[in-house]
Amino acid sequence: MLRNVLNLFTALPLLFIVGLETAFADGHADVGERLFRRCASCHEVGPEARNKVGPHLNEIMGRAAASVEGFRYSRALTAMADDGLVWDEDMMDAFLTRPSDFVPGTRMSFSGVRKEEDRHELIVFLSTLTPETGLGTAHIEPSDPDVAPEILAIEGDVAYGQYLASTCVTCHQESGETDGIPSIINWPAPAFVTVLHAYKNKSRENSVMQQITSVLSNEEIAALAAYYESIQQ
Amino acid sequence: MKLDRRGFMGAGVAAAATLSAPTVFAAGHGKPRVVVVGGGAGGATAARYIAKDSGGAIDVTLIEPTRTYYTCFFSNLYLGGFRDMASLGHSYGALASQGINVVHDWAIGVDRDAKTVALAGGGSVPYDKLILSPGIDFRDGAVQGWDTSAQNAMPHAYKAGSQTELLKSQIESMPQGGVFAMVAPPNPFRCPPGPYERVSMVAHMLKENNPTAKIMIFDPKPGFSKQGLFEDGWARHYAGMVEWVSPDFGGAVDEVRPGSMEVVADGEVVKVDVCNVIPAMKAGRIADIAGVTNEAGWAPVNPHTMATRADDSIHVLGDSSQQGDMPKSGFSANSQAKVCAMAVRGELTGSAVFPARFSNTCWSLLDSNDGVKVGASYEATDEKIAKTSGFVSQVGEDDATRAATYEESVGWYAGITADMFG
């Protein structure tokens, strides 16, 4: 990872603008990388990156907003992109402070990064992300296996999902707040189903999630997905 | 396939109740009334879910003596210096603003015929359904020489708050090279990994301030939860500091002497500087008073609804219940509360009742960023809450896994307390 990033120094002098050199000198990139783990449950990066719950984040810094092909953005963000929003450091900082304030109507259910220095570290790290960037598997889940179309097609029962969700909310907060455990509200149902099946078939690691999903049927996973997609923050 | 509710119920997995006409409703007095005693992981959760999911159709009263509730879970992290006490305190303001009638008083009596709960402050509260979630009390005479009058000399610190603060200050005042003793409880007791996580946190604190101090655990049990993980952690982080005395070597102490700060084990007198006595436990007193406990001191319950075997208008949650395979933990109580809330609501308003399912995870911290966990899923059988499958952290996991486990536990704390207190 470090070697990859060091190579980028020569390839992409632009990165110095956001203070990457200083960050590495102080060893701060670790901080940003750690903070990024919260993002990584929804956003993929690296050579295999695909759009998941959120768009992939390769080369996010300096990119025009809402510009990843094939991702369905909120109307709110698309409108701001039409007005010329570009993810430079200032804009990203404002967005990450509280996404729902900066883009009212965003579909990103993330309450924000409160500390200014944390946002800075995170942005420094985001600046390193290119299709060539590899991340340790401890931080990024391997790509989740595709789920069979007939399983994705199951229509979930929202009321049953709400009951089943009473297990989830012991850790994943209903409000969308995150304190070390990712928010799972407002996820598009197909992504939700894919992720839960990835835990169920143990291609994603986390013993609690593997345990929880081990007792869920395909219909129950669909019910949860339907419920979580239906929640309005 | 589209799974609608009728199809689901038709599939009929132990359909405890159905959508047919409810049987109880309010006995001729308007809105049905639920009274919850105890505002911890079981009681606060049950009150909140019944109020929230009934949309005002059920009148909910929560009786809890304290205005600020300090969670027992994570109180070990306070001892280790990882949390401050304020971060463990929670008020009932949000629950009150959600329409729950929060009464800060002690419940001192239950009249099962009249269906009323008597309050220490006078008066009584009528109920159609009573939910008791009073945590634990200690068994008299469980440790020779110790009773609650000795709890200032030898704190239990097994109900969080001033006892926890007292224990921490005693540890901080230990002489260099002194001895911290723990008298561990016999099964079953609240939070099976709790005493051993506490030892880890005390060791963490002593390693920084008093590195030549010793910790002795006098244990009446031949083994304990996550034993391999704890012993591995103690060896890696606190080499030579922790000694676990099993029953074969006098772990079941003969007596403690609070006046002279001595522990007598296997006929030998051990002089100690701090002594944390965690006595044998039983259901919280109000469960006894209500007459729903058995000879062992716990309240046997129906696993499908958490209603007591003795009285189906009285439900018991969490530590006080005798339900089967679930450990006594905040996570378990919270899980049981949701099943109970659904069953109670179903009986009182005819709302849908799905088959009970339960889960539990207990995280423990061994040292900075070294977290471990054990967890399981459970289902209700007619006989008991039965474990279906489970997992446990492994010795030798890498640092990143252990750090992530700790981070996860911090997220869980935020999640469960939001789920309890709104």
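Reminder, nothing fancy here: chain letters follow the sequence lines and each chain counts from 1.
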If you define the side chain from C-beta out and look only at heavy atoms, does anything of [X] sit under 4.5 Å from [Y]?
| X | Y | answer |
| --- | --- | --- |
| T417(B) | Q173(A) | no |
| Y163(A) | R357(B) | yes |
| K373(B) | S207(A) | yes |
| V215(A) | E379(B) | no |
| F391(B) | V208(A) | yes |
| I212(A) | S359(B) | yes |

Is it the case that over 12 heavy atoms from other parts of the model lie below 6.0 angstrom from the CD atom of E117(A)? yes
Tell me whether D84(B) at atom CG has more than 12 heavy atoms from other residues, nucleotides or ligands lying less than 6.0 Å away. yes
Is E407(B) salt-bridged to R38(A), going by a charged N under 4.0 Å from an acidic O? no
Would you mind checking which part of [X] comes under 4.5 Å of any heavy atom in chain A, side chain (CB onward), backbone (N, CA, C, O), both or neither?
| X | value |
| --- | --- |
| S377(B) | both |
| Y406(B) | neither |
| A376(B) | backbone |
| V374(B) | neither |
| S389(B) | both |
| A414(B) | both |

Can you name the residues that form a ring-ring contact (aromatic ring centres under 6.0 Å, His included) with Y92(B), not counting sequence neighbours? H104(B), F421(B)
Once ring-ring contact (aromatic ring centres under 6.0 Å, His included) is applied, do any residues pair with Y413(B), and if so which ones, sequence neighbours excluded? F73(B), F74(B), H90(B)
Of the non-hydrogen atoms in I181(A) and G411(B), which two are nearest, and what is the gap between them? CD1-C, 3.6 Å
Atom [atom1] of [X] and atom [atom2] of [Y]: how far apart are they, to the nearest 0.5 Å?
| X | Y | atom1 | atom2 | result |
| --- | --- | --- | --- | --- |
| T167(A) | N360(B) | OG1 | CG | 11.5 Å |
| S166(A) | D419(B) | OG | CG | 8.0 Å |
| T170(A) | N334(B) | OG1 | CG | 4.0 Å |

Between F354(B) and Y160(A), how do the two ring planes meet: parallel, tilted or perpendicular, split at 30° and 60°? tilted
